[in-house]
Amino acid sequence: MNPINALGFSSAEKSFRFLVNVAFIAVLARLLEPKELGVFAILWSGYQILQSFFGSSLVNAYLRSAKTEHIRTKFFLISILIGLAGAALFIVLWPVSELIFNTEFGPANYLFISCVLFLTPINAFYRGILQGQSKFDKIAAIEAFTFIMSITIALTFLFKEFGIFSLSIRYFSESILLLLMFYKLIPLKVDLSRIEFSDEDWRLFKYSFGLSWSRLTNAITSNSTNLFVGYYFPLQYVAYFSYSQTLAKIPDSLFRTMITSPALTYLGKYKGKYLFQKCQLLASAVLLVAMIPAILIYTNGSELLIILMGDKWIEFSLLFEFMGIFAIAQVIKGWLTILYTNLMKMVLWNKIVFIELLLIFLFMIYCFYSTSGIDFFVKTFSLLIFSFWSLIYLYSTIRLSDSSGLKSLIADLKLLICPVLIFYILSEMDQIFINPFFEIALNLIIIVLITFIFLLIFDRASLKWIRNVLGNRKNTP
């Protein structure tokens, strides 16, 4: 399959999933109490941490192998064993988790999520086989179908008042349906008589293990704050904070996936400073489609949260507005991930991510001993993440940029300078609207206009490149 078409299928499926998930979260917020969602948020954060290590790193090792039937059989068995190990550890941690967080997750919820953790590496391996065969259209179709079915099942249970069990059954049903459909397409079986490991196999396992540790670090960074809030604050704040983080990450997660995936196909052939120049073109696309909604969260997050999540979330609405700073930091981090990945500087990148994790842990320790409130925690956490990634962005850009003047340097620093400029302009404008929709619409128009004017003045070449890419997807950047 053509790489652009393959990535198109993947991007469309992910975009569809994100949009439906947002709608599903909106329904959850209206049907369930924040305390109920807080209980599941703690459970799901624990799953996410273990899933990052036991989940899908073996797929990358398989894709780097010769992909023979013999290798497939061995790796399939290892995937099953990894799933069993992850599920067993999750179950062992059950009583410990309930003791630490002073809450009950419910046997059904915990066991169903344990089954999801068991099935995750198996389904990921099936997906990897199809990826190796470039059957991205089949992957997208299967995952879209199972996703819709699981959402339908969850909504049915929700409206029948099954509470957070509806969420557990959603993820369990999706995992089971994925397994059945993948198995029908590729009926793999375990053959113990053919299990023997070569030096190349061990090298691939070592590579997979290294990826698992890297993903574990990222997962702990993303979920440790949820667990801290669950331990230190009332349960409703876990829901407020964790789901607000999810919503704040959408501009980067969704729009960066949609726009940058086709362009990333071509970045592999560029090196050094020339690669940095191409990544700067990509940064302009990220600025237009990811940074704009992130800025809107900062300017109108209070209204957006109430519109999306309902009146039960009014208590957290002003804090969600402040998390727009966190959303902007995630967009900057997303672009840096692309840059460092393509520069093949993963050791340095892992060190940067580890430093971020260390800062978060030091911050949580300070909050624990200072008896800080939720307002201080959210605001300081958002500022900390924004400051950290802004400094990394400034350092990386100045070190790699070959700008010969102030104008070109401003263009290279667009992901930081443009949002700051927008904040300044909006702060100088007095806006009084009774209808929040009008205020959101006006701010959105202003943000888009300032962004376009900024690019027209400082980086017109990027706008031309974006127009060419959108007009003819066969053009390379």
Side-chain angles (χ1 to χ4, degrees), residues 18-48 164 167 219-255 290-334 356 360 363-364 367 372-386 388-389 419 436 440:
F18 267 114
L19 292 172
V20 176
N21 259 329
V22 171
F24 182 68
I25 289 173
V27 174
L28 283 179
R30 285 162 171 79
L31 294 180
L32 298 180
E33 294 298 320
K35 287 185 178 180
E36 292 180 276
L37 288 173
V39 172
F40 190 81
I42 295 172
L43 181 62
W44 192 248
S45 293
Y47 161 82
Q48 293 276 26
I164 61 171
L167 298 174
I220 293 174
T221 302
S222 300
N223 293 279
S224 59
T225 47
N226 295 339
L227 297 176
F228 176 80
V229 171
Y231 174 80
Y232 194 71
F233 297 105
L235 280 174
Q236 66 266 29
Y237 289 119
V238 195
Y240 293 148
F241 182 71
S242 62
Y243 282 93
S244 293
Q245 273 202 93
T246 300
L247 294 173
K249 289 178 180 178
I250 285 177
D252 172 59
S253 301
L254 171 58
F255 293 104
M291 190 62 81
I292 287 174
I295 295 171
L296 193 64
I297 291 175
Y298 181 75
T299 59
N300 295 94
S302 178
E303 295 88 352
L304 288 170
L305 188 70
I306 295 171
I307 290 170
L308 181 65
M309 306 294 278
D311 293 339
K312 293 178 182 179
W313 289 63
I314 288 177
E315 182 181 355
F316 201 77
S317 59
L318 292 176
L319 288 178
F320 179 69
E321 194 165 280
F322 206 86
M323 287 190 73
I325 297 176
F326 172 79
I328 293 167
Q330 294 306 300
V331 174
I332 294 173
K333 180 181 179 181
E356 180 194 23
I360 291 173
F363 169 65
M364 290 191 295
C367 289
S372 304
I374 189 67
D375 285 33
F376 174 84
F377 180 84
V378 173
K379 291 179 179 179
T380 309
F381 169 75
S382 300
L383 284 172
L384 176 67
I385 299 301
F386 176 77
F388 177 77
W389 287 112
I440 293 170

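A quick note: this is a predicted structure, and the numbers were derived from the prediction, not measured.
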Exercise. Taking all atoms of both residues into account, what is the closest heavy-atom pair of Leu305 and Ser244, and its distance?
Worked result: CD1-OG, 4.5 Å
For this session: May I have all residue pairs that pass side-chain hydrogen bond (donor to acceptor under 3.5 Å, both in side chains) and include part of residues 36-48, sequence neighbours excluded?
Result: Ser45-Asn226, Tyr47-Thr120
Exercise. Taking atom OG of Ser317 and atom CG of Asp311, what is their separation to the nearest 0.5 Å?
Worked result: 10.0 Å
Exercise. Does a side-chain heavy-atom distance below 4.5 Å link Phe377 with Thr225?
Worked result: yes
Problem set entry | Atom pair CG (Leu167) and CG (Leu32), whose distance is rounded to the nearest 0.5 Å | 6.5 Å
Problem set entry | Where Trp313 and Ala29 come nearest, the two heavy atoms and their spacing | NE1-CB, 3.4 Å
Problem set entry | Reported CG-to-CD1 distance for the pair Leu37 and Ile164, which is rounded to 0.5 angstrom | 8.5 Å
For this session: Would you check if the side chain of Ser222 reaches a backbone N or O of Ala219 as a donor-acceptor pair within less than 3.5 Å?
Result: no
Exercise. Taking all non-hydrogen atoms of both residues, which atom of Ala248 and which atom of Met323 are closest, and how far apart?
Worked result: CB-O, 4.1 Å
Exercise. Mind checking whether Ile250 and Asn21 have side chains closer than 4.5 Å, heavy atoms only?
Worked result: no
Seminar exercise, completed: In this structure, CD1 of Ile440 is separated from CG of Asn300 (nearest 0.5 Å) by 5.0 Å
Exercise. side-chain contact (heavy atoms from CB on, under 4.5 Å) with Phe322: which of Leu383, Ile297, Asp375?
Worked result: Leu383
Problem set entry | Point-to-point distance, once rounded to the nearest 0.5 Å, from CD of Gln330 to CD of Gln245 | 7.5 Å
For this session: State, yes or no, whether a side-chain contact exists between Phe320 and Val378 at a heavy-atom distance under 4.5 Å.
Result: no
Exercise. Where do Pro251 and Pro293 come nearest, in terms of heavy atoms and distance?
Worked result: CB-CG, 3.8 Å
Exercise. Are side-chain heavy atoms of Ile360 and Ile220 found at a separation under 4.5 Å?
Worked result: no
Problem set entry | Residue list, ring pair (Phe, Tyr, Trp, His ring centres under 6.0 Å) with Phe316, at least two apart or on another chain | Tyr240
Problem set entry | Note, Ile325 side chain near Lys379 side chain (heavy atom, < 4.5 Å) | no
Problem set entry | Which residues share a ring pair (Phe, Tyr, Trp, His ring centres under 6.0 Å) with Phe24, sequence neighbours left out | none
For this session: Find the distance between CD1 (Ile295) and CD1 (Ile292) and round it off to the nearest 0.5 Å.
Result: 7.0 Å
Problem set entry | Qualifying residues under side-chain contact (heavy atoms from CB on, under 4.5 Å), relative to Phe376, sequence neighbours excluded | Phe363, Tyr366, Cys367, Ser372, Thr380
Exercise. Is the shortest heavy-atom distance from the side chain of Ile332 to the side chain of Met291 under 4.5 Å?
Worked result: yes
For this session: Write down the atom of Leu296, the atom of Thr299, and the distance for their closest heavy-atom approach.
Result: O-OG1, 3.2 Å
Exercise. Closest approach of Gly46 and Leu227, non-hydrogen atoms and distance?
Worked result: N-CD2, 4.4 Å
Problem set entry | With Ile25 via side-chain contact (heavy atoms from CB on, under 4.5 Å) - residues at least two apart | Tyr243, Thr246, Met309
Seminar exercise, completed: The residue among Phe381, Phe386, Tyr298 that forms ring pair (Phe, Tyr, Trp, His ring centres under 6.0 Å) with Phe326 is Phe381
Exercise. Parallel, tilted or perpendicular for Tyr237 and Phe233, by the 30°/60° rule?
Worked result: perpendicular
Problem set entry | Side chain to side chain, Ile385 and Glu356, heavy atoms closer than 4.5 Å | yes
For this session: Applying salt bridge (charged side-chain N to carboxylate O under 4.0 Å, His left out), name anything that partners Glu33, two or more places apart in sequence or on another chain.
Result: Lys312
